[in-house]
Amino acid sequence: MIMTSYGRDISESKVDNEGKKNKEKSVNSFHSSSADVLLSKVIDESSNDFSDFGSEWVWPDYTMDLVESFTPFLFRTKESAQFEEIRVVLNVDNRGKLVGYEFITEVDKGLEERMAHVLRKLPKCLPVPGYSSYEATDFELIIRR
């Protein structure tokens, strides 16, 4: 199962006194026609606009199918088979290109390298019409076995 969360830039998150980032968010879910794919949007609680994903960028329609096709490749070893889900923050620049990623789930080196291979296959994000500027943003990708 693949779930993608669209949200505000992580740099806008509040930092508590221990140095950990806290996000004020509310999650609404949308189910696609495929039972294995769940698309969630993360919205700032102070925003009352639930009409879009809250981001200037959107992934092409086939992106989730592409990542889902690599799921057996990602979970093929004994060490990676023990994970129920993988969480990765994807950094997208102001041109829609994936420029970095950070694992939220602590994974082994082999799974990290296989995930890097999958992320290199991802297409560029598409701009959502109607925004006056297109800035860098972060997405959270959740892949479940």
Side-chain angles (χ1 to χ4, degrees), residues 1-76 80 83-145:
M1 176 182 280
I2 299 172
M3 182 168 55
T4 308
S5 299
Y6 299 91
R8 63 185 176 162
D9 191 350
I10 285 184
S11 62
E12 296 176 20
S13 301
K14 293 182 180 177
V15 178
D16 65 10
N17 56 2
E18 296 175 2
K20 297 180 182 176
K21 293 182 181 178
N22 293 326
K23 294 182 191 177
E24 296 176 3
K25 61 186 175 183
S26 130
V27 178
N28 293 328
S29 297
F30 295 91
H31 296 280
S32 69
S33 59
S34 170
D36 295 322
V37 178
L38 176 67
L39 182 64
S40 298
K41 64 179 180 177
V42 180
I43 301 172
D44 186 3
E45 284 182 352
S46 63
S47 169
N48 292 327
D49 181 22
F50 297 108
S51 62
D52 64 15
F53 286 114
S55 175
E56 300 92 1
W57 301 103
V58 66
W59 295 93
D61 293 336
Y62 64 90
T63 305
M64 284 197 276
D65 293 332
L66 177 75
V67 175
E68 189 171 3
S69 70
F70 280 103
T71 303
F73 172 69
L74 292 171
F75 295 104
R76 72 181 189 171
S80 60
F83 295 108
E84 288 298 317
E85 70 179 19
I86 304 169
R87 291 178 175 255
V88 183
V89 175
L90 306 176
N91 311 111
V92 176
D93 68 1
N94 60 354
R95 294 171 296 176
K97 183 178 178 186
L98 179 65
V99 292
Y101 61 92
E102 179 182 347
F103 285 93
I104 297 173
T105 307
E106 196 168 316
V107 297
D108 61 38
K109 184 172 173 90
L111 180 57
E112 187 174 331
E113 290 174 0
R114 288 190 299 277
M115 189 65 175
H117 172 76
V118 172
L119 295 177
R120 285 191 296 271
K121 302 284 185 189
L122 292 180
K124 287 179 69 172
C125 290
L126 303 173
V128 175
Y131 285 92
S132 59
S133 66
Y134 295 91
E135 298 180 13
T137 191
D138 294 329
F139 293 91
E140 182 179 9
L141 175 66
I142 303 170
I143 304 173
R144 294 193 178 126
R145 241 179 347 124

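- Proximity of Tyr101 to Leu90: side-chain heavy atoms (C-beta onward) are separated by under 4.5 Å at one or more points.
- Aromatic ring pairs are classed by plane angle as parallel below 30°, tilted from 30° to 60° and perpendicular above 60°; the pair His117 and Phe70 is perpendicular.
- Interatomic distance, CZ of Phe139 versus OG1 of Thr63, reported as 10.0 Å (0.5 Å rounding).
- Here Leu98 contributes atom CG and Leu141 contributes atom CG; the two are 10.0 Å apart, rounded to the nearest 0.5 Å.
- Contact record, Glu140 with Ile104: OE2-CD1, 3.6 Å, taken as the closest heavy-atom pair.
- Under the 4.5 Å side-chain criterion, counting only non-hydrogen atoms from C-beta, Cys125 is not in contact with Thr137.
- Here the side chain of Tyr134 pairs a donor or acceptor atom with the backbone of Val128 at under 3.5 angstrom.
- Counting only heavy atoms from C-beta outward, the side chains of Leu74 and Phe83 never approach each other to under 4.5 Å.
- Here the shortest heavy-atom pairing between Glu85 and Ile142 reads OE1-CG2, 3.7 Å.
- Proximity of Val118 to Ile143: side-chain heavy atoms (C-beta onward) are nowhere separated by under 4.5 Å.
- Nearest heavy-atom pair, Leu111 versus Asp108, reported as atom, atom and distance to 0.1 Å: N-OD1, 2.7 Å.
- Shown here for Lys124 and Arg95, the closest heavy-atom pair between the two residues is CE-O, 3.5 Å.
- Annotation: side chain of Val67 is not in contact with side chain of Trp59 (no heavy-atom distance under 4.5 Å).
- Looking at Val107 and Met115, their side chains never come closer than 4.5 Å, going by heavy atoms from C-beta outward.
- Without hydrogens or angle criteria, Trp57 side chain to Asp138 main chain gives no donor-acceptor distance under 3.5 Å.
- Atoms CD and CZ, from Glu68 and Arg144 in turn, are 12.5 Å apart once rounded to the nearest 0.5 Å.
- Paired with Ser80 under the rule side-chain hydrogen bond (donor to acceptor under 3.5 Å, both in side chains), one option of Arg114, Glu112, Arg145 passes, and it is Arg114.
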